Amino acid sequence: MAIPIPSRQLFINGDWAEPLLKKRIPIINPTTEEIIGDIPAATAEDVDVAVQAARSALTRNKGKDWAFASGAVRAKYLRAIAAKIKERKPVLAKLETVDCGKPLSESEADMDDVVGCFEYYADLAEGIDAKQKAPISLPMKTFKSYVIKEPIGVVALIVPWNYPLLMATWKVAPALAAGCAAILKPSELASVYALHLLASVFITCLELGEVCREVDLPAGVLNILPGLGPEAGASLASHPLVDKISFTGSTVTAVKIMTAAAQRVKPVTLELGGKGPIVVFEDVDIDKAVEWTIFGCFYTNGQICSATSRLIVHESIAAEFLDRLVKWSENIKISDPLEEGCKLGPIVSRGQYEKVMNFISNAKSEGATILYGGNRPKHLKKGFFVEPTIITDVTTSMQIWREEVFGPVLCVKTFTTEEEAIELANDTHYGLGGAVVSKDRERCDRVSKLLQNGAVWVNCSQPCFCQAPFGGTKWSGFGRELGEWGLESYMSVKQVTEYVSDEQWGWYQPPKQ
């Protein structure tokens, strides 16, 4: 049964608005390769209207309506949004699945996480008021000082396509909790190869606009502008009335955003790519470690920035481990992601599918061995499907070891000593997520400290909780999302210091009377 695709416009100033240049982008179902609808495409002209709406939302009624309203007021809206999304979960999950190809069970879990994230930041918003005017201890009794935390202003939130609504929520919820006004720019998929590879992935982000309408979120507080990066994203990054940019996506695009932001000295938060290691020692329960290995690389069809896509396994168990890894991979159900039991759906677009297949082809030409997978599943004639792929005989100079694939592709190396394992794990420009698997708790602690990653998972891979910080090092970006750190990133700190003595300051000689 076909899933009806809502027809939406841009969401600006609390209502739907047709793009000024009337551009639209097709929506392609990655399972069927068919166009199932279209969405609006914002341009620089629309960006300017949205930014003005956001600026007005902050200054309306001298800021009392939003920016300087109590945290409890903002919390009420966040909880209302969470309740509406919970109510719409079945529909939103199906829309996300037909849009980006992830298994329905994963989309349903994402919707639960979206609800939890809005509720979490509602709680934090309520706590802001109690922390205002926090006193500072000073060495001079003639002064008193305190701190005020204020919303940073109008923020541009640019999000990727692998977790459309969830990644949007990671930014929208804390930004709104802090009292900011936001312009959300969801991802489009526009390959450089040819126009026929164009697709869009942001149906659910637009549905967030409808939710905001229904809960009467003040006009202009959240604006949603899908559009092409060069037309909408670039305009947002360089707009003089945008006070901060938070971007999740590729390192190449991040460099452009940083360059634009630098022209106006505006802050940025960047959560970028990864090439994460999972280090497996010889003392593990093999089947447990194997399952976490495939989950860390094949979940979300392998399209996770924090994927632990480099398996570094102790040589003494490598043969047995790889044998079990193949058997577990053979048992993964690859199908239409709406089918019950599906664990691997299609790659998000034709352009991304071709990129993944090129990585596999290049690995073979460089001398690596495709131990398992590497092809389109034989039973699926349509859709951008790629088998879970395991590549061995890899050297550290190969493309497959050094570059992010963003697909269900795992490369493997062995090690003999702990020092060698750590060296291999850190042999990358990236530093987002990493994992260590061992029954030796002290060893896990040692390795965790030495891995150059923003997140380290012990005896697991990819668990993510909105209460814990998320972000990377090196080419994986800087700044943190989620937890209290995510809220702080949308606030500025102001010190207020008062001279409280009745005495003259006395620095200068007073004039004669």
Side-chain angles (χ1 to χ4, degrees), residues 51-52 54-79 120-157 171-182 218 220-221 239-246 258 261-270 467-469 471 478-513:
V51 172
Q52 295 291 347
R55 182 61 61 186
S56 296
L58 292 181
T59 58
R60 188 183 303 123
N61 195 18
K62 297 183 179 179
K64 294 177 183 178
D65 289 356
W66 190 255
F68 300 129
S70 72
V73 168
R74 296 194 293 271
K76 180 190 73 172
Y77 286 106
L78 294 177
R79 288 200 177 94
Y120 172 73
Y121 280 107
D123 291 343
L124 290 194
E126 286 181 329
I128 290 173
D129 298 336
K131 296 178 181 179
Q132 295 289 33
K133 295 190 175 182
I136 299 172
S137 178
L138 300 177
M140 298 176 67
K141 292 182 180 180
T142 51
F143 292 93
K144 286 186 177 179
S145 187
Y146 61 84
V147 165
I148 297 174
K149 293 185 178 180
E150 298 176 335
I152 205 165
V154 174
V155 294
L157 313 176
K171 298 180 189 297
V172 169
L176 268 54
C180 295
V221 166
H239 200 288
L241 296 182
V242 169
D243 300 301
K244 174 190 167 77
I245 305 162
S246 180
M258 286 184 70
Q263 308 311 305
R264 298 187 180 274
V265 199
K266 66 179 68 175
V268 297
T269 296
L270 302 174
Q467 296 82 3
F478 51 80
R480 292 296 180 265
E481 297 191 295
L482 300 182
E484 295 182 3
W485 302 266
L487 179 65
E488 294 288 339
S489 74
Y490 293 102
M491 305 189 82
S492 61
V493 177
K494 177 188 288 183
Q495 65 128 318
V496 177
T497 300
E498 178 185 2
Y499 182 64
V500 295
S501 173
D502 292 332
E503 301 296 323
Q504 184 79 26
W505 177 225
W507 187 262
Y508 298 100
Q509 183 71 29
K512 293 180 180 180
Q513 297 296 329

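Please read these numbers as outputs of a predicted model, since none were measured by experiment.
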K.L.:
Checking Leu241 against Val154 for the side chain to side chain contact (heavy atoms under 4.5 Å, CB included) test, could you report, in this order, the C-alpha distance in whole Å, the side-chain angles of both residues, the deciding distance, and whether it holds?
P.N.:
CA-CA 7 Å; Leu241 296 182; Val154 174; 5.9 Å; no
K.L.:
To the nearest 0.5 Å, tell me how far Ser489 OG sits from Glu484 CD.
P.N.:
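Reported to 0.5 Å precision, the distance equals 12.5 Å.
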K.L.:
How long is the span from the CG atom in Asp65 to the OG atom in Ser56, to the nearest 0.5 Å?
P.N.:
11.5 Å
K.L.:
Decide yes or no for Pro218 and Arg60: does some side-chain heavy atom of the first lie under 4.5 Å from some side-chain heavy atom of the second?
P.N.:
yes
K.L.:
Show me the side-chain donor-acceptor pairs of residues 120-141 shorter than 3.5 Å, one per line, residues at least two apart or across chains.
P.N.:
residue : atom : partner : partner atom : Å
Tyr121  : OH   : Gly483  : N            : 3.0
Tyr121  : OH   : Gly483  : O            : 2.8
Asp123  : OD1  : Arg79   : NH2          : 2.5
Glu126  : OE1  : Arg79   : NH2          : 3.1
Glu126  : OE2  : Arg79   : NH1          : 3.0
Asp129  : OD1  : Gly71   : N            : 3.2
Asp129  : OD2  : Gly71   : N            : 3.0
Gln132  : OE1  : Lys149  : N            : 2.8
Gln132  : NE2  : Lys149  : O            : 2.8

K.L.:
Once rounded to the nearest 0.5 Å, what's the spacing between atom NZ of Lys171 and atom CG of Leu482?
P.N.:
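Between Lys171 NZ and Leu482 CG, I get 9.5 Å after rounding to 0.5 Å.
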K.L.:
Report the residues that fulfil ring pair (Phe, Tyr, Trp, His ring centres under 6.0 Å) with Tyr490, sequence neighbours left out, ordered by chain and then residue number.
P.N.:
none
K.L.:
Taking all heavy atoms of Lys244 and all of Val268, pick out the closest pair and write down the distance.
P.N.:
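Smallest interatomic distance, heavy atoms only, reads NZ-C, 4.2 Å.
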K.L.:
Can you see which heavy atom on Pro151 is nearest to which on Phe68, and at what distance?
P.N.:
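Of all heavy-atom pairs spanning Pro151 and Phe68, the closest is CD-CE2, 4.4 Å.
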K.L.:
Checking Asp243 side chain against Val155 main chain: does a donor-acceptor pair fall under 3.5 Å?
P.N.:
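Flag not set: sc Asp243 to bb Val155 has no pair under 3.5 Å.
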K.L.:
If I compare all heavy atoms of Leu157 with all of Ala175, which pair ends up nearest, and what's the gap?
P.N.:
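Smallest interatomic distance, heavy atoms only, reads CD1-CB, 4.4 Å.
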K.L.:
According to ring pair (Phe, Tyr, Trp, His ring centres under 6.0 Å), who are the partners of Phe478, at least two apart in sequence or on a separate chain?
P.N.:
none
K.L.:
For a quick test of reading the model, state the closest non-hydrogen atom pair linking Ser145 to Gln495 and the distance between them.
P.N.:
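Where Ser145 meets Gln495 most closely, the heavy atoms are OG-OE1, 3.9 Å.
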K.L.:
Between CD1 of Ile148 and CE of Met491, what distance do you get to the nearest 0.5 Å?
P.N.:
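If I round to the nearest 0.5 Å, the distance is 10.5 Å.
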K.L.:
Please determine whether side chain to side chain donor-acceptor pair (under 3.5 Å) holds for the pair Ser501 and Glu503, giving the CA-CA distance in whole Å, both sets of side-chain angles, and the decisive distance to 0.1 Å.
P.N.:
CA-CA 5 Å; Ser501 173; Glu503 301 296 323; 5.4 Å; no
K.L.:
If we ignore angles and hydrogens, is there a donor and acceptor under 3.5 Å between the side chains of Thr269 and Ser246?
P.N.:
no
K.L.:
Look at the side chain of Lys266 and the backbone N and O of His239, then say whether any donor-acceptor pair between them is shorter than 3.5 Å.
P.N.:
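Checked: pair present.
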K.L.:
Can you name the nearest heavy-atom pair linking Leu58 to Gly179, along with the distance?
P.N.:
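Heavy atoms of Leu58 and Gly179 come nearest at CD2-O, 3.4 Å.
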K.L.:
If you look at every heavy atom in Ala181 and Ala54, which pair is closest and at what distance?
P.N.:
CB-O, 3.4 Å
